[in-house]
There are 2 protein chains.
Amino acid sequence: MESLIQERVMKIRQFNRFYTNIIGLINQNILESPYSLAEARILLEINNAATCTASSLVEILQIDPGYLSRILRRFKKDGLIEAVRSMTDGRSQILNITEKGRATFRQLSDASSSQLVGLLEQLPQGAQQILVHNMAAIQYMLSDKADTSITIRRHQSGDTGYIAYRHGVLYEKEYGLDHRFEKYVLQSLIAYLEDPSKGEIWIAECCGIIVGFIGIVEINKRTAQLRWFLIEPEFRGGGLGRKLVETVMEYCQQKYYNHVFLWTFKGLDAARHLYQSFGFNLTEEKENDTWNNQLIEQRWDVMLNAD
Amino acid sequence: MESLIQERVMKIRQFNRFYTNIIGLINQNILESPYSLAEARILLEINNAATCTASSLVEILQIDPGYLSRILRRFKKDGLIEAVRSMTDGRSQILNITEKGRATFRQLSDASSSQLVGLLEQLPQGAQQILVHNMAAIQYMLSDKADTSITIRRHQSGDTGYIAYRHGVLYEKEYGLDHRFEKYVLQSLIAYLEDPSKGEIWIAECCGIIVGFIGIVEINKRTAQLRWFLIEPEFRGGGLGRKLVETVMEYCQQKYYNHVFLWTFKGLDAARHLYQSFGFNLTEEKENDTWNNQLIEQRWDVMLNAD
DNA sequence: GCATATAGTTGACTTTGTCAATTATATTGT
DNA sequence: ACAATATAATTGACAAAGTCAACTATATGC
């Protein structure tokens, strides 16, 4: 566990070194201009901000006030900005960009844009989109307002396909199951879609990505089968499984099912503990003869008290 | 089209500003140490490289030779590195990190690691993984050795689920189709999985991400139906559709199918042109009565010459 | 073996950034 | 009302970071 986070840290640091170079590359043309990186950054801020004072720049850009003062003096001398004393506070002065300043800013901006366009054009359209999307995801996750909690929602279009997709990929990797298992999962999902009112699917999402799911289908008025329970490997061991089973069991109570069962494979210790803690008992074991003879299937049942 | 790339450039620049701050945050503790960022970077390079000379550092780190020389002098004085004249080239000297240098490096490294651990620990395990994964993807796509070409492969476990998933999501968004359509797609996929030898699925991937697919199923010895043809919106208009249809048509020739047909929806002009260019003719039109009465379904057929 | 190239160093310099002191205005508590 | 304190912006003095050209020593090509 400790080495897992160390590995991630290593990868992030590697990315940081890599991306520092990329940023350096993109900023190169600014370094070739008569303005420094800091100056360009200041001009950008003055250009974009509605109202801007030296002290607000100090705060936003974490820059030394003295240093800033001199840069602003140069900007004024060059006619890029104008400073007018604030009406409400005689100490501070509002910084406004001039037409010339705007032009200069645009020039700097265009130069670094064309650098970026060059970088993007080496990628096909779709890959560009993926790149930008990945950046947005990183930005979101590292921003303080990121909601990295796991949310659970009901079924939406495409979910059944996604469930089959992840079952296919993960059960092949973990148990060597092939297309026959894939077909079996698809069939079970069709049974649900025949009459969605006779069942439900819950999808757990984190940062817009599906990280786990669970479902229930009615077998008869009092009996329901728990199905399609899967947590993405990276999200296991964090209590998400318990949360999903809880959600299902509550639903069953509401629907007055007094008997719930499920089929699983032998050997999943974490899952066994989870089922046991909800009162499930092992009721049947059989060798799997269609997908993989090594696998032992287990049936677990629980009776719910009417209360 | 032009504004699309401009928008991406804007987003990347925003990410760059954001990430520059993140990197600054992580490097903060190095700035608090008696070594500068550049010095830490140099020490890292000497520590990691098998053999290292001043000139190799100049090239890797793009640093001024004079500046580097002085930094190395200080490192030698502090006992962090040792320089021995190269056997093979009397001009250059091999830089070796000493035990003390390694300790110093580890200290700097640990400090910035702990900063990163703090950042990571605000995220759940799985989200950490997603973050690192996104970074790796960016790094891969922007590196010169990135293969951003689109590759086409055959069916693997999970693909049918993925096909259903994307159909469900995109056909709901684009045509408002609901779970009944989702079920229809699943059913068609099951028919394929019943006997995978009577059909085939091709998956187009870019940078490890599925960006489109197509399939074929045998109807009888001489007739096959083209199915599950979908290109992710961002990857449309780049010739991928043609490439996929081509792949299918070649397969049909090999299998001696002389008649291929498909069902599609009216109004997809790009698709119509594509089908026509492969010799397909519109043979049937009917209102769709199960999913959406607004939609007109079309059947297209083509006879292949035996050659 | 001479011209040229490369590895590394040094001196002189510019740019970039920091820190404390200073002036002018604003705010707060009594 | 006004003294104490806080904030906005500037300035001088300085330190750190980085650049450039000149220089020494060794290597390489013709």
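Within every chain, numbering begins at 1; the chains are lettered A, B, ... in the order of the sequence lines, protein sequences first and strands thereafter. Atom set for the values below is all heavy atoms of this structure, side chains included, hydrogens, waters and symmetry mates excluded.
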Report summary line: DNA chain C nearest-nucleotide lookup for D89(A) and L72(B): closer to the 5′ end is L72(B)
Look at the side chain of [X] and decide which nucleotide, out of [options], has an atom nearest to it.
X	options	value
Y67(B)	dG8(C), dG12(D), dG18(D)	dG18(D)
A38(B)	dG18(D), dG17(C), dG8(C)	dG18(D)
R91(B)	dA9(D), dT6(C), dG8(C)	dT6(C)
S55(A)	dG8(C), dG18(D), dA9(D)	dA9(D)
S36(A)	dT10(C), dA9(D), dT16(C)	dT16(C)

Query raised in the report: Are R236(A) and Q125(B) close enough that a side-chain donor and a side-chain acceptor fall under 3.5 Å?
Result: no
Query raised in the report: Side chains of N96(A) and E82(A): do they bring a donor and an acceptor to under 3.5 Å?
Result: no
Report task. Quick one: label T53(B) by what it contacts on the DNA or RNA (base, sugar-phosphate, nothing), any heavy atom closer than 4.0 Å. Result -> sugar-phosphate
Report task. Please work out if G66(A) contacts a base, only the sugar-phosphate, or nothing of the nucleic acid, heavy-atom cut-off 4.0 Å. Result -> base
Report task. Using only side-chain N and O atoms of K76(B), determine if any of them is under 4.0 Å from OP1 or OP2 of dT9(C). Result -> yes
Query raised in the report: Under 4.0 Å: is that the gap between some side-chain N or O of S69(A) and OP1 or OP2 of dT10(D)?
Result: yes
Requested in this report: Could you grab the distance from atom CD1 of I97(B) to atom CD of E45(B), nearest 0.5 Å is fine?
Outcome: 11.0 Å
Report task. Could you walk me through whether Y19(B) and F15(A) pass the ring-ring contact (aromatic ring centres under 6.0 Å, His included) test, one step at a time? Result -> CA-CA 11 Å; Y19(B) 207 74; F15(A) 174 74; 5.3 Å; yes
Query - Most 5' of L68(B) and L68(A) on DNA chain D, judged by nearest nucleotide - result: L68(A)
Quickly work out the [X] [atom1] to [N] [atom2] distance and round it to whole Å.
X	N	atom1	atom2	answer
I63(A)	dC19(C)	CD1	C1'	15 Å
L37(A)	dA17(D)	CG	P	17 Å
D64(B)	dT15(C)	CG	P	15 Å
I71(B)	dG8(C)	CD1	C1'	14 Å
R73(A)	dA9(D)	CZ	C1'	12 Å
L95(A)	dA8(D)	CG	P	13 Å
R70(A)	dC14(D)	CZ	P	13 Å
R85(A)	dA26(C)	CZ	C1'	13 Å

Report task. Answer yes or no: is there a side-chain heavy-atom contact under 4.5 Å between I42(B) and L72(B)? Result -> yes
